[in-house]
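See structure below.
Letters A, B, ... mirror the listed sequences (proteins, then strands); counts begin at 1. Reckoned from all heavy atoms, side chains included, excluding hydrogens, waters and symmetry mates.
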2 protein chains.
Amino acid sequence: MKKKSIPSVTINRLSIYHRCLEKILETERGEELKILSSLKIAEITGINSAQIRKDLAYFGEFGKRGLGYPVVDLSGELKKILGLDKKWSVIIAGAGNLGKALVKYKGFQKRGFVIKGIFDNNSSKIGKRLGHIFIYDIKEVEKFIQTENISIGIIVVPADSAQEVADRMVAGGIKAILNFAPIHIVLSPEIKIHNVDLSIEFEGLTYYLSLC
Amino acid sequence: MKKKSIPSVTINRLSIYHRCLEKILETERGEELKILSSLKIAEITGINSAQIRKDLAYFGEFGKRGLGYPVVDLSGELKKILGLDKKWSVIIAGAGNLGKALVKYKGFQKRGFVIKGIFDNNSSKIGKRLGHIFIYDIKEVEKFIQTENISIGIIVVPADSAQEVADRMVAGGIKAILNFAPIHIVLSPEIKIHNVDLSIEFEGLTYYLSLC
DNA sequence: TAGATTGTTAATCGATTAACAATC
DNA sequence: TAGATTGTTAATCGATTAACAATC
């Protein structure tokens with residue numbers, strides 16, 4: 001709860017720093033790399049070292065001058081800042097291929113995300129399971145969010161129904177949405193929405209290839 | 001081949017404009033919306049209208065003053081700019097869940113992307129198919145890229161092997177990579193690489209949720 | 001202490017947006 | 001013509017990076 005608001009790119013980079021440190025803790029069994037300079041982190045992540053120090057300075061003084069940042073401590077601090085010290089309940093709207101891939105995605109458990117249910121409007125899917133997760137009728141999503149205390153909704157439905165699904169989620173009380181549907185969803189500003197748009201990524205590449 | 005280099009966020013937004021226009025052409029059967037003002041596009045996409053005009057102005061004068069932008073013409077121009085008037089051959093490295101979802105992803109055909117092969121190092125997968133696409137040994141990827149003239153490689157292997165796979169792709173002559181592995185891949189600068197990082201997106205949401 | 005690296009300020013860079021003359 | 005919207009300039013905003021005093 002800082003005064004000056006923190007750029008969202010900074011938060012994105014905190015994720016990268018955190019992952020970098022976690023990896024070091026996993027592999028190098030603690031001994032050698034007790035401490036890491038911003039220059040060393042820069043080398044691993046490809047991010048400018050001044051940027052790293054500035055990003056971290058938004059949240060406190062985690063470093064030791066002349067030495068660097070203690071790996072264990074900083075990793076723990078970042079974990080707390082990013083809310084990865086808590087468990088988060090998640091639902092997925094859309095029992096398609098991408099929904100399936102997300103259900104099986106290993107990174108979720110690792111970060112304390114628990115997928116509580118999948119929702120779809122296709123009656124041939126409702127009542128079945130995807131992985132080990134039950135598929136419910138999308139009409140039940142509002143009630144489910146309330147009773148199961150869901151924090152995060154993932155939208156992997158077609159663009160046409162994405163706005164409607166998002167509205168349902170918000171009506172149920174969801175606070176954050178990750179949207180994979182290629183459409184601009186409008187919600188009241190206190191709901192956090194992030195968009196992942198694969199087409200944009202691909203078309204950035206084809207634009208570049210066309211120049212050659 | 002413009003002189004002043006164009007911001008990559010501008011290219012991303014061109015994708016959004018293009019998609020917006022295509023959708024209008026699909027739904028409104030041509031009649032009413034022959035022309036669209038930047039203000040109207042702004043309304044649909046959520047992007048500032050001055051921004052839209054500026055983005056388009058990098059590439060030419062597509063609008064009619066007093067009226068707006070002709071939908072069909074502008075859509076065609078954007079299609080050309082983004083290289084979507086050509087076919088692009090693609091390979092996927094990693095026959096996991098995400099690879100599977102990508103193989104089945106409808107948006108590919110629509111944009112002229114043709115998936116020519118999938119590559120993995122798991123001998124129990126090699127020789128089988130994912131969807132209708134054959135799975136090859138990752139060791140053959142260099143040769144395959146050369147002989148099949150592949151332009152785009154998609155990396156959906158674990159972080160540990162991503163750099164190695166990328167190096168192989170580049171050795172084969174690939175020019176653009178879309179990387180889903182959560183690691184910083186280093187390549188010579190003429191190779192275009194875009195990263196899609198799901199963890200970062202999620203952790204942006206949990207950071208926000210933790211503030212509440 | 002001398003050497004190294006942080007935390008932070010100031011300079012730079014680049015992107016967004018407002019404003020308006022040009023013009024359909 | 002009068003009204004509307006583009007294309008473009010100028011102003012604003014914000015993010016990145018260099019530089020360095022503070023300090024371990």
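- When both distances must be under 3.5 Å, the Watson-Crick or G-U wobble mate of D:dC20 is C:dG7.
- Atom CG in A:Leu205 sits 5.5 Å away from atom CD1 in B:Ile152 (nearest 0.5 Å).
- Checked for salt-bridge contact, A:Asp73 and A:Lys64 miss the test: no charged N lies under 4.0 Å from a carboxylate O.
- The nearest heavy atom of DNA chain D to A:Asn48 and to A:Arg65 marks one nucleotide each, and the one closer to the 5' end goes with A:Asn48.
- Between C:dT16, C:dG7, C:dT9, one nucleotide has an atom nearer to the side chain of B:Lys54 than all others, and that is C:dT16.
- The separation between A:Arg13 atom CZ and D:dG14 atom C1' is 12 Å, rounded to whole Å.
- Rounded to whole Å, atom P of D:dT6 lies 18 Å from atom OH of B:Tyr58.
- Which of D:dC24, D:dT8, D:dA15 sits closest to the side chain of B:Arg53 comes down to D:dT8.
- Remark: C1' of D:dA15 and CD1 of A:Ile11 are 14 Å apart, rounded to the nearest angstrom.
- In this structure, NZ of B:Lys40 is placed 16 Å from P of D:dA4, rounded to the nearest angstrom.
- Here B:Ser38 lies in heavy-atom contact (under 4.0 Å) with sugar-phosphate atoms only.
- Side-chain rings of B:Phe144 and B:Phe119 approach one another, their centers coming within less than 6.0 Å.
- Distances from the side chain of A:Glu61 to the nucleotides C:dG7, C:dA15, D:dT8 place C:dG7 closest.
- Summarising the geometry, the separation between CG on A:Leu36 and C1' on C:dA4 is reported as 15 Å, rounded to the nearest angstrom.
- Heavy atoms of other residues, nucleotides or ligands lying less than 6.0 angstrom from NZ of A:Lys86 number more than 12.
- The nucleotide whose nearest atom lies closest to any side-chain atom of A:Ser37 is, among C:dT5, D:dT16, D:dT8, C:dT5.
- Comparing A:Ile47 and B:Tyr69 along DNA chain D, the residue whose closest nucleotide (by nearest heavy atom) sits nearer the 5' end is B:Tyr69.
- In this structure, the CZ atom of A:Phe62 is 9 Å from the P atom of C:dG7, given to the nearest Å.
- Rounded to whole Å, the distance from CD1 on A:Ile35 to P on C:dG3 is 20 Å.
- At a threshold of 4.5 Å between non-hydrogen side-chain atoms, the residues B:Leu178 and B:Phe180 count as touching.
- The distance between atom CG of A:Leu39 and atom C1' of D:dT17, rounded to the nearest whole Å, is 13 Å.
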